[in-house]
Every structure is written in C-alpha cells, then in structure tokens.
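To start, the structure under review is shown below, and the notes come after it.
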Amino acid sequence: MDIPNLEVVTLSGKKLSLKKDLQEAVRLLEEDGCLVLKGATDLSPVESILSTNKPSVDAVKKDIVLNDAVKAILFSARDDDFRITSYQAYKCGTKAGETGRDREWKEMAAHTGLVGVSCTHFGGDPTVSWVIEVDTGSRGEPTGKTVNVEANGHDIFICSNWLTRSTPRLQSQDSAEAFLILVTYMWKGYSERGRISLGLGIKILELAGNQCSRIGDYVLWLKKPTSE
C-alpha cells in the first residue's frame with residue numbers, strides 16, 4: 001500500500017508523519033476519536049460543480065471517495081473491507097453549528113478498533129481556516145466542554161462516529177462561505193448498516209475499478225482489490 005508522506009495533527013496538537021508514524025496515528029485516532037490529515041485532499045476540481053447546486057453525485061471524484069490517506073488509516077486499523085456509506089457536499093459559513101454524534105454511538109464506542117468513520121474534506125485554498133468543536137467526553141456521555149480542532153482548505157478531518165463534534169465552520173469572514181465534502185465509511189463487520197443509493201453506488205463503482213465491489217445494496221472498498 002502506497003502511504004502518502006503528509007503531516008497528521010492529533011487532538012492534542014501532536015504532529016506526526018503519516019508515512020513514518022502510521023500505527024501511532026491509528027492508535028491515537030482510536031483513542032482520541034479524531035485526526036487532521038494535512039494537505040490530503042483538493043476540492044478545487046469539483047468546486048465549480050458544487051457552486052451550481054448540482055447533486056452531490058456529480059461531484060464524486062476517485063481521489064476524494066477513495067482517498068489514499070484515508071485508505072492508509074482504514075486498512076491499517078482493520079484487516080478487512082469497509083462499506084462506503086455516504087458522499088455529501090455542503091456549503092458552510094462562519095456560524096457555529098450544533099454538536100452531534102451517531103445514533104448508535106454507545107454500541108460503536110464499545111467496540112475495539114474503528115467501526116464507523118466520517119471524513120470531512122475541506123474546501124478552499126490552504127489559507128482558508130476551518131474549526132470543529134470536539135466534546136471532551138470521548139467515548140462517554142457528552143460533557144458540554146469542547147476543544148477546538150483547527151484545519152485548513154485541502155485538509156481532511158477524520159473521526160470515529162462515536163465522537164461528539166460540531167458541524168465545521170469557517171473561522172474568518174475573509175471567506176464567508178466555502179464547500180466541504182463529507183464521506184462516511186462503515187466496517188463491514190458492524191451490523192447491517194451502510195446501504196447506499198443506486199446512483200451513488202454506480203458512480204463510485206465506475207471510478208473505482210477493482211478497488212470496490214457491490215454486494216447487494218452495499219458498496220465495499222476492498223482491502224484486497226480483485227483481479228481485473
């Protein structure tokens with residue numbers, strides 16, 4: 001597996017190399033619930049599509065939905081396949097959003113290892129600043145106390161779905177609005193969740209080649225690609 005050489009920032013602010021410190025990054029993601037992958041994405045090829053309010057499926061790109069940095073994290077965390085469960089684009093501003101987490105957060109938090117993962121791909125250039133508020137309760141009940149996780153355009157915020165966090169917002173009026181794309185994944189060994197819409201599934205399979213397969217209503221990102 002080709003691991004990108006990029007910086008990872010943990011919840012505590014510790015800086016790691018994804019290529020050199022991959023297992024430590026995975027451990028801290030499982031422990032803290034989130035990481036920022038610096039410079040791991042680029043929405044500029046799809047921002048013109050998003051600005052026309054076309055459906056999110058029109059903005060599906062292989063290097064977003066099958067991102068190399070995310071791939072390194074997921075398949076190092078589990079020697080198994082993951083379902084691709086959603087791909088949604090949003091336009092965000094500077095207004096603070098509400099905090100939330102998955103409805104099955106207790107069940108997910110009880111598992112060892114990654115179960116459900118959300119990856120927020122931030123738009124704008126690298127000078128655009130984003131912030132997410134993360135509750136300090138970790139796998140437990142929310143405390144109401146939060147810490148700010150900062151990111152920039154071209155970064156990915158990856159988090160476990162049990163984590164209580166806010167919707168992202170822009171930090172400065174210099175950029176009144178910007179786009180983000182949220183891609184979610186579910187370990188195939190967890191429940192029956194993860195069905196994907198037919199149109200989105202077809203588009204992903206067209207782009208993925210032998211990296212994905214459809215099984216019923218699910219699209220699987222394969223740990224071991226099939227033979228072409």
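Predicted model only: the values in this text are computed from it and were never measured. Both backbone and side-chain heavy atoms feed into the values below; hydrogens, waters and symmetry mates do not.
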ask   = Taking it one step at a time, do Arg27 and Gln23 satisfy side-chain contact (heavy atoms from CB on, under 4.5 Å)?
value = CA-CA 6 Å; Arg27 184 186 71 80; Gln23 293 306 317; over 6 Å; no
### Query
Which is it for Leu205 and Val219 under the side-chain contact (heavy atoms from CB on, under 4.5 Å) test, yes or no, and what are the steps along the way?
CA-CA 8 Å; Leu205 291 169; Val219 171; 4.2 Å; yes
Please walk me through it: do Ser86 and Val183 pass side-chain contact (heavy atoms from CB on, under 4.5 Å)?
CA-CA 6 Å; Ser86 70; Val183 190; over 6 Å; no
| said: Run the side-chain contact (heavy atoms from CB on, under 4.5 Å) test on Trp130 and Cys92 for me, step by step, so that the C-alpha distance in whole Å, both residues' side-chain angles and the decisive distance to 0.1 Å come before the verdict. | reply: CA-CA 10 Å; Trp130 294 83; Cys92 298; 3.7 Å; yes
Assess whether ring-ring contact (aromatic ring centres under 6.0 Å, His included) is satisfied between Tyr190 and His111, documenting all intermediate values. CA-CA 9 Å; Tyr190 179 79; His111 276 267; 5.4 Å; yes
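One N or O on the side chain of Arg83 and one on the backbone of Lys188 form a donor-acceptor pair closer than 3.5 Å. Formation of a donor-acceptor pair under 3.5 Å by the Tyr87 side chain with backbone atoms of Ile204 is not found in this model. Within the 3.5 Å criterion, the main-chain N or O of Glu133 finds no donor-acceptor partner in the side chain of Arg165. Between the side chain of Asp32 and the backbone N or O of Cys34, no donor-acceptor pair lies under 3.5 Å. A donor-acceptor pair under 3.5 Å links the side-chain atoms of Thr143 to the main chain of Lys145, judged by distance alone. Under a 3.5 Å cut-off, the side chain of Tyr218 and the backbone N or O of Ser213 do not form any donor-acceptor pair. The backbone N or O of Trp162 lies less than 3.5 Å from no partner atom in the side chain of Asp102, so there is not a single donor-acceptor pair. No donor-acceptor pair under 3.5 Å is formed between the side chain of Gln211 and the backbone N or O of Pro225. With hydrogens and angles ignored, the 3.5 Å screen pairs a side-chain donor or acceptor of Lys203 with a backbone N or O of Val57. The closest donor-acceptor contact from the side chain of Glu47 to the backbone of Gly124 lies under 3.5 Å.
The side-chain heavy atoms of Ile132 and Asn148, taken from C-beta on, include no pair separated by under 4.5 Å. You'll find the side chain of Phe82 reaches within 4.5 Å of the side chain of Phe75, heavy atoms only. No side-chain heavy atom of Asn5 sits under 4.5 Å from any side-chain heavy atom of Leu18. Using a 4.5 Å heavy-atom cutoff, the side chains of Ile73 and Leu35 are in contact.
Closest heavy-atom contact between Cys119 and Ile156: CB-CG2, 4.0 Å. Scanning all heavy atoms of the two residues, the minimum distance from Thr120 to Pro168 falls at CG2-CG, 4.1 Å. In terms of heavy-atom proximity, Trp187 sits nearest to Asp81 at CD1-O, 3.7 Å. Counting all heavy atoms, side chain and backbone alike, Arg78 lies closest to Thr112 at NH2-O, 2.8 Å. What you find for Asn67 and Ala40 is that their closest heavy atoms are ND2-O, 2.9 Å. Closest approach of Asp155 to Thr41, counting heavy atoms only: O-CG2, 3.5 Å.
With hydrogens and angles left out, the side-chain atoms of Arg169 and Thr94 include no donor and acceptor closer than 3.5 Å. For the 3.5 Å distance criterion, the side chains of Asn152 and Lys38 qualify, holding a donor opposite an acceptor. Between the side chains of Thr85 and Thr184, at least one donor N or O sits under 3.5 Å from an acceptor N or O.
Under the 4.5 Å side-chain contact rule for hydrophobic residues, Leu29 and Leu22 share a cluster. The hydrophobic cluster containing Val60 does not contain Leu220, counting ILVMFWY residues as joined when their side-chain heavy atoms lie under 4.5 angstrom apart, directly or transitively.
Between Trp221 and Tyr185, the angle of the ring planes lies from 30° to 60°, which puts this pair in the tilted group.
Looking at Lys14 and Glu24, a side-chain N of the basic residue comes within less than 4.0 Å of a carboxylate O on the acidic one, giving a salt bridge. Using a 4.0 Å cut-off between a side-chain N of Lys or Arg and a carboxylate O of Asp or Glu, Glu141 and Lys106 qualify as a salt bridge.
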